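Following: one structure in structure tokens, then a few remarks.
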Amino acid sequence: MSRPFRFGVNLLSLAPAAEWRAKCRRAEQLGYDVLLVPDHLGWPAPFPALVAAAEATERPRLGTFVLNAGFWNPALLAREVATTDSLTNGRLELGLGTGYVRAEHETAGLPWGSPGERVDHLRRTVEELKRLLGSAEHQPRPVQEPGIPLLVGANGDRMLRLTAEHADIAAFTGARSVPGSASGQLEPLTAEELDERVALYRKLAAARPEPAELNLLIQLVAVTEDPEPVLRPLLERLPRLTVEQALALPIVLVGTLEQIVERVRAQRERYGFTYLTVLEPYMEAFAPVMEALRGA
């Protein structure tokens with residue numbers, strides 16, 4: 001039986017304290033289940049932003065989506081995670097990934113490494129966090145028992161294996177890094193490519209005692225009867241796509257309200273996605289979709 005839907009919004013832009021609190025309260029009012037903050041240079045620092053979000057809201061969970069593991073030492077990260085979980089009264093969900101923007105690591109003076117080295121570092125980080133936060137001697141202590149839910153963002157084979165082994169929430173990017181891009185440029189996966197990624201994950205996760213929640217990051221949302229103008233910037237960036245092909249991308253939700261609601265239901269049936277994350281610019285646009293799907 002399918003899980004009920006959950007919906008998150010990734011908050012991308014920092015604002016003065018009063019505006020940040022108002023934005024978080026608005027997301028709660030709209031019905032979002034999770035308020036999320038990414039981990040990029042030039043954007044809000046995740047942990048203080050989440051603590052401020054917790055002070056402004058009562059119901060939503062709070063998460064990192066996702067931390068760049070290469071930015072973090074596991075022992076120092078364990079301190080941040082435990083402190084944030086305590087200050088948010090046990091509402092934290094920890095999202096981790098390898099990082100995909102080489103330029104950010106270079107700016108920070110941190111090693112970039114090969115894809116294999118980045119996955120190895122993430123694995124060490126996950127395993128060390130579990131060891132530290134699972135120890136009764138570790139201080140400070142997180143609030144949540146038996147532990148803080150772990151989300152891992154993945155696409156490649158080794159990352160999907162790590163996700164299958166450790167993550168409570170398997171987050172599919174629905175996109176791949178453009179080879180050679182230092183700025184983290186991404187290109188979307190087709191529905192058929194995502195089929196293959198999800199199938200591999202399910203194979204790797206077959207021995208899990210409990211199935212993970214499956215998440216998809218949506219990159220574009222618009223409720224409209226005329227999708228072409230909304231899709232034009234995407235089509236200009238990816239000129240090989242037709243309008244019909246762009247509409248079929250799993251990370252694109254563009255159409256009438258009824259069409260989008262049916263598409264979300266169909267993707268739950270096809271892939272198992274029950275936790276959807278949208279980007280801050282689409283927070284308001286996605287609200288009627290959430291309302292229509294609530295309890296579905």
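Quick caveat, the model's predicted, so the values are computed rather than measured. When a residue number appears, it is its place in the shown sequence, counting from 1.
- For the side chain to side chain donor-acceptor pair (under 3.5 Å) test, residues two or more places apart in sequence or in another chain that qualify with Arg197 are Asp157.
- By the side chain to side chain contact (heavy atoms under 4.5 Å, CB included) test, His121 is found to be paired with Ala69, Arg124, Thr125, residues two or more places apart in sequence or in another chain being considered.
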For residues 223-234, tabulate all N or O donor-acceptor pairs below 3.5 Å that involve a side-chain atom, not counting sequence neighbours.
residue: Thr224; atom: OG1; partner: Asp226; partner atom: N; Å: 2.9
residue: Thr224; atom: OG1; partner: Asp226; partner atom: O; Å: 3.4

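- Taking Arg294 as the reference, Asp33 meet the side chain to side chain donor-acceptor pair (under 3.5 Å) condition, with sequence neighbours excluded.
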> side chain to side chain contact (heavy atoms under 4.5 Å, CB included) between Asn215 and Phe273: does it pass, once the steps are laid out?
Replying inline: CA-CA 5 Å; Asn215 169 274; Phe273 297 132; 5.9 Å; no
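- The aromatic ring centroids of Tyr271 and Phe172 lie 6.0 Å or more from each other.
- At distances below 3.5 Å, at least one donor-acceptor pair connects side-chain atoms of Gln144 with backbone N or O atoms of Leu92.
- With hydrogens and angles ignored, the 3.5 Å screen pairs a side-chain donor or acceptor of Arg208 with a backbone N or O of Ala164.
- Between Arg131 and Glu128, at least one side-chain nitrogen of the basic residue sits less than 4.0 Å from a carboxylate oxygen of the acidic one, meeting the salt-bridge criterion.
- Between the side chains of Gln185 and Ser183, not a single donor N or O lies within less than 3.5 Å of an accepting N or O.
- Other residues, nucleotides and ligands place no more than 12 heavy atoms under 6.0 Å from the CZ atom of Arg161.
- For Glu284, the salt bridge (Lys or Arg N to Asp or Glu O under 4.0 Å) criterion is met by Arg26, not counting sequence neighbours.
- In this structure Thr256 satisfies the side chain to side chain donor-acceptor pair (under 3.5 Å) test together with Gln259, sequence neighbours excluded.
- A donor-acceptor contact shorter than 3.5 Å links the side chain of His138 to the backbone of Pro140.
- Taking the six-membered ring where the residue is Trp, Phe47 and Trp72 present perpendicular rings, their angle passing 60° and hence far from 30°.
- Residues His40 and Tyr100 place their aromatic rings such that the two centres sit under 6.0 Å apart.
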